[in-house]
Amino acid sequence: MLDIDVIRAAPEKIREMLIKRNKTTERLDALLEADGEWRKLTNENNQLRKTRNAVSLEIGKMPKGPEKDAKIKEMRGVGDLIAANDARMAELEAIRKDNLLNIPNIPADDVPVGKDDTENVEVKVWGERRKFDFEPKNHSQLMLDLDMVDFERATKIAGSGFYCLKGDGARLERALICFFLDMHRKQGYKEVFTPIVVNTAAVTGTGQYPNLKDDMYHLEKDDLWLNPTAEVPVTNLLQGDILTREDLPVKLTAYLPSFRREVGKHADTAGIIRVHEFNKVEMVRFEEPSKSWDALEEMRGHAEELLQLLGLPYHVLLLCTGDQSFSCAKCYDLEVWAPGENRYLECSSCSNDLDFQARRAMIKYRPEPHLKSEFVHTLNGSGLALPRTMVAVLENYQNADGSVTIPEVLRPYMGGQERIVPPETRKTF
RNA sequence: GUGGAGGUGGCCCAGCCUGGUAAGGCGCCAGACUGCUAAUCUGGUGUCCGUAGGACCCGGGGGUUCGAAUCCCUCCCUCCACGCCA
């Protein structure tokens, strides 16, 4: 959520921003109109209340009689006027809030202007793409051949778009999670494990609600949402808090399942690249405003380190204005190379949201004990999304005989195992 | 789920029964004073509209009233006890 004062001061800058982001400006116009009328009525009601407060005090001291009755009657009329204004103001505030909550963050100055994902800018390429002397399989085939996954049975119990890992598939998943969390701990993040369902205040705080509400699973009876990304529960842990400067930076990491309805996105890929439920390890940071840009670069480095230690080639994209998500001011995507797919797969997004989420979730800090509290800056980055990392591991580390070599950094988490090999006999489990 | 207690500025807490427009303390800041960053005294320390000034704020929402922290309804949360339970 943007600062209404900033919008009032320079509405034309906000208009330009929306156009750069490839968004309409209707909401801005509606917001400004509602705000103008709201301010007018606010002043009007302030005057009416002032009168009523003074007269009410007099009434309390007056003796019974026609004079007192007349005053009471007069004040009853004033009360009606106030109530009428209040009703209109409530409407205006709802309009204002609805529009304010639906206006995206302002892209940082160094974010390239572009209409969609074709105009993102590649800022870094890391690693050598492996040259295969055989035709590399895609992950789906590998996982089936190695008996690591069962799509049908997952569909049976949950529907299409879900999958069940088994055997070395499940163990590799767990190894990756443990590796990511251990690395983030070394990088200075404190591990948390939060609830996987969150309330509407939480999804509003980080900006998924209302504009992405159709992509989240909603538990109607309890009005709760299934976690769409760990950014939501983890960032909102500090909802409503006022931190001290000594508290900052707060660096948290969490492993959490994430749920996406993926409405309108057809499953263009068989396998586990786009699914309704997937695991993700996330980094979330709360920073002093002056330090958030450095923190973004550092956090991106933390995510990159994981891919480097896994020995997976990747590149880094700086997202353009048209492809940026709603809440962020600047965002890098890390895409890992998947030779079986013959393309890059997005496995991390690292963004600085500035005070956009903090203003929604009321997360503040006091620069000094006597100074007024200010909003913190929030950042989040995946480190990393599991399914696509697993795809990259399997496809990059596959061998001609159909086996997969386990990257060295993961072996301690798999009891020293070095390879995943096809099963000798096929049994149900 | 049942019963009880509770939710008041950054923190603690009074006021509620009996409606009259939020007291006090701690912390922090400024000023005064004093050898002193200590003690003491004075003032400041929530949000909104704003030039002034004013309005609002007692967990959220609604109601009664000229006037609600206070009375009524409703929802949420916390603590304690009991119940149920992985």
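Note that the structure is a prediction, hence the values are computed from the model and not measured. Chain letters run A, B, ... following the sequence lines, proteins first, then strands; residues in each count from 1.
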Which value, in whole Å, describes the distance between the [atom1] atoms of nucleotides [N] and [M]?
N	M	atom1	result
rA39(B)	rG54(B)	C1'	40 Å
rU21(B)	rC57(B)	C1'	12 Å
rA32(B)	rC48(B)	C1'	34 Å
rU64(B)	rC73(B)	P	15 Å
rA86(B)	rG4(B)	C1'	28 Å
rU34(B)	rG19(B)	C1'	49 Å
rA22(B)	rG6(B)	P	24 Å
rG10(B)	rU45(B)	C1'	9 Å

Under a 4.0 Å heavy-atom cut-off, which of [range] touch RNA chain B?
range	value
residues 30-39 of chain A	Trp38(A), Arg39(A)
residues 50-61 of chain A	Lys50(A), Arg52(A), Asn53(A), Ser56(A), Leu57(A), Ile59(A), Gly60(A)
residues 62-88 of chain A	Ile72(A), Met75(A), Arg76(A)

Is there side-chain contact between Leu243(A) and Arg366(A), with heavy atoms separated by less than 4.5 Å?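 Leu243(A) does not reach Arg366(A) side chain to side chain.
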Met183(A) side chain near Leu309(A) side chain, heavy-atom distance below 4.5 Å: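 A side-chain contact under 4.5 Å exists here.
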Distance-only criterion, 3.5 Å: show the donor-acceptor pairs between side-chain atoms of residues 55-69 of chain A and protein atoms not counting sequence neighbours.
from	atom 1	to	atom 2	distance (Å)
Ser56(A)	OG	Arg52(A)	O	2.9
Lys68(A)	NZ	Ile59(A)	O	3.4
Lys68(A)	NZ	Met62(A)	O	3.3

Which ring-ring contact (aromatic ring centres under 6.0 Å, His included) pairs, counting each pair once, include a residue from residues 346-365 of chain A, with sequence neighbours left out?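 Sorted pair list: Phe326(A)-Phe356(A).
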Taking every non-hydrogen atom, the tightest pair across Arg15(A) and Leu32(A):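 Heavy atoms of Arg15(A) and Leu32(A) come nearest at NH2-CD1, 4.4 Å.
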Fit a plane to each ring of His276(A) and Tyr217(A), take the angle between them on a 0 to 90° scale, and name the class: parallel (under 30°), tilted (30 to 60°) or perpendicular (over 60°).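 Answer is perpendicular, since the angle exceeds 60°.
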Roughly how far, to the nearest 0.5 Å, is the CG atom of Leu28(A) from the NZ atom of Lys23(A)?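 Between Lys23(A) NZ and Leu28(A) CG, I get 14.0 Å after rounding to 0.5 Å.
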Give, for atom CE of Met1(A) and atom CD of Gln357(A), the distance between the pair rounded to the nearest 0.5 Å.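 Result: 11.5 Å between the selected atoms.
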Just by modelled atom types, is the Leu319(A) backbone N or O under 3.5 Å from a matching donor or acceptor in the Asp323(A) side chain?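 Pair absent, no side-chain N/O of Asp323(A) close to backbone of Leu319(A).
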I'd like to know if Arg426(A) pairs up with Asp147(A) as an ion pair, taking the criterion as any Lys NZ or Arg NE/NH1/NH2 lying under 4.0 Å from an Asp or Glu carboxylate oxygen.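 Result for this pair is yes, salt bridge flagged.
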Residues Gln141(A), Asp145(A); criterion side chain to side chain donor-acceptor pair (under 3.5 Å); working and verdict: CA-CA 6 Å; Gln141(A) 197 58 53; Asp145(A) 291 349; 3.1 Å; yes
Below 4.0 Å from chain A heavy atoms, what is the first contacting nucleotide of RNA chain B and what is the last?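 Here the contact window of chain A covers rG10(B) to rG67(B).
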Fill in the dot-bracket string of RNA chain B, one character per base: . for unpaired, | for a pair to another strand, ( ) or [ ] for pairs within the strand, taking Watson-Crick or G-U pairs under 3.5 Å. (((((((..(((.......[...)))((((((.......))))))((((...))))..(((((..]....))))))))))))....
With a 3.5 Å cut-off and sequence neighbours excluded, list the donor-acceptor pairs that the side chains of residues 106-115 of chain A form with protein atoms.
from	atom 1	to	atom 2	distance (Å)
Asp110(A)	OD2	Lys330(A)	NZ	2.6
Lys115(A)	NZ	Glu119(A)	OE2	3.3

Once side chain to side chain contact (heavy atoms under 4.5 Å, CB included) is applied, do any residues pair with Arg174(A), and if so which ones, sequence neighbours excluded?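 By the side chain to side chain contact (heavy atoms under 4.5 Å, CB included) rule, Arg174(A) matches Arg171(A), Cys178(A).
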Who passes side chain to side chain contact (heavy atoms under 4.5 Å, CB included) against Asn45(A), sequence neighbours left out?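 With neighbours one apart ignored, the set is Leu48(A), Arg49(A), Ile82(A), Asn85(A), Asp86(A), Met89(A).
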Qualifying residues under side-chain hydrogen bond (donor to acceptor under 3.5 Å, both in side chains), relative to Asp116(A), sequence neighbours excluded: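 side-chain hydrogen bond (donor to acceptor under 3.5 Å, both in side chains) list for Asp116(A), sorted by chain: Thr118(A).
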Table please: side-chain donor-acceptor pairs of residues 184-204 of chain A below 3.5 Å, with sequence neighbours left out.
from	atom 1	to	atom 2	distance (Å)
His184(A)	ND1	Gln187(A)	OE1	2.7
His184(A)	NE2	Gly383(A)	O	2.8
Gln187(A)	NE2	His302(A)	O	3.3
Gln187(A)	NE2	Glu305(A)	OE1	2.8
Tyr189(A)	OH	Arg285(A)	NH1	3.0
Tyr189(A)	OH	His302(A)	ND1	2.8
Asn199(A)	OD1	Ala201(A)	N	3.3
Asn199(A)	OD1	Ala202(A)	N	3.0
Thr200(A)	OG1	Trp225(A)	NE1	2.9
Thr204(A)	OG1	Thr200(A)	O	2.6

